[in-house]
S.K.: 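Take this structure, written in structure tokens, and hold onto it; I'll ask about it next.
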Amino acid sequence: MNPLYVESTKSTPEVRFDPAGGTLVITGQSYPENAFRFYEPLMNWLDDYLEHMKQSTVVTIELHLPYVNTSSTKCLMHLLEKLDKAFASGKKVEVRWYCDEENEAEQECAEEFKEDLQLPFAILPRGTGA
Amino acid sequence: MMIDVLEVQQALRARGILICFSGRLSQALIAEYGEAVKSYLETEHRPQNEVYNIFSLFIEQTQNINKYNVAKADSPHHGLLLYSSIVTIGKQEEAGYMVCSGNLILNEDAEALQTYLDSLIVMDKTELKALYKMKLKAEIAPEETGAGLGLIDMARKSSTKLEYSIVDQNNGLSFFTLKATVRGVSA
């Protein structure tokens, strides 16, 4: 399976999905005009990946998202729900969400995602990530 | 002919307006203006929380206007709609920051917008959160450009109830104004 790499723009984040290492990283602000168009290839890649991944692989999704608009939030929720389903079916999946410790609004955004998901979900201070 | 910019400045100042964008919006301009708003607030040394909420209200308001205009591309009024947008960020002593935007809408859309906003305005933060979550989990329609979440998010982020007005312009169009506020810690 090929890695997925998307360069960042002012209103879209950088995407690095590495199938070999099991790391999916999204970094940057997300407020494109059409969020679905941006996230659709990510969702398709993820569907494919989760279907073919080995039971022993550990998948980590790292999110560094200083700002997410509402339509991107909806797409991200759907993306994380796919991981949540994989987790429920016994796969090893975890979320690491990095945010600014001093920014309550950003923390709250992460918390709201976390409260609706069952998979391991760590909210970590930014700058501590790989 | 000279433009009386002093008069424009005085009008803005009288209303506490710090930043104002008026005219045709595009995603590229929204991103540029958004960054400008953020830098401006950072030079004012506002807490990050506040910068985040103001930026967020600004993005949702401008993207809502933009999306509305894209959806009305086939309307004979499209040209008028495109150039009708205005977004302002202002500051008032007690109220804190306000993000206030306006744009023309078709009269036929006025009633549904009014009903929707009235329903949001009576909700408290807990009800708004529940509605937000419900809409977040609804299926994504491939053709939808918006998530229908923008106004709920604005209602949640605004320190005071959203305020709006819809004024008939007697040409089949109405001018829609929306105001949200962000109360600072020591605004």
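Letters A, B, ... mirror the listed sequences (proteins, then strands); counts begin at 1. It should be emphasised that the depicted structure is a prediction, and the values quoted were computed from it without experimental measurement. Values reported hereafter were calculated over all heavy atoms of this structure, with side chains retained and with hydrogens, waters and symmetry mates removed.
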S.K.: According to the interplanar angle, ranging from 0 to 90°, do the rings of Phe121(A) and Trp97(A) count as parallel (below 30°), tilted (30 to 60°) or perpendicular (above 60°)?
M.R.: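 Plane angle under 30°, so parallel.
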S.K.: Does the gap between the ring centers of Tyr67(A) and Phe55(B) come in under 6.0 Å?
M.R.: yes
S.K.: Can you tell me which portion of Glu108(A) sits under 4.5 Å from chain B's heavy atoms? Options are side chain, backbone, both or neither.
M.R.: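 Neither part.
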S.K.: Parallel under 30°, tilted from 30 to 60°, perpendicular over 60°: which one fits the rings of Phe176(B) and Tyr164(B)?
M.R.: tilted
S.K.: Can you name the nearest heavy-atom pair linking Phe38(A) to Val6(A), along with the distance?
M.R.: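 Scanning both residues completely, I find the closest heavy atoms to be CE1-CG1, 4.1 Å.
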S.K.: Name the region of Gln29(A), side chain, backbone, both or neither, that has any atom closer than 4.5 Å to a heavy atom of chain B.
M.R.: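 When you check distances to chain B, only side chain atoms of Gln29(A) fall under 4.5 Å.
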S.K.: Does NZ or CZ of Arg183(B) fall inside the cone over Tyr97(B)'s six-membered ring, less than 6.0 Å from its centre and within 45° of the axis?
M.R.: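 Output no; distance or angle outside limits.
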S.K.: Answer with side chain, backbone, both or neither: which region of Ala138(B) has an atom nearer than 4.5 Å to a non-hydrogen atom of chain A?
M.R.: both
S.K.: Let me know if Lys157(B) has heavy atoms under 4.5 Å from chain A in its side chain, its backbone, both or neither.
M.R.: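 For Lys157(B), no heavy atom lies under 4.5 Å from chain A.
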S.K.: Where does Asn66(B) contact chain A at under 4.5 Å (heavy atoms): side chain, backbone, both or neither?
M.R.: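 The side chain, not the backbone.
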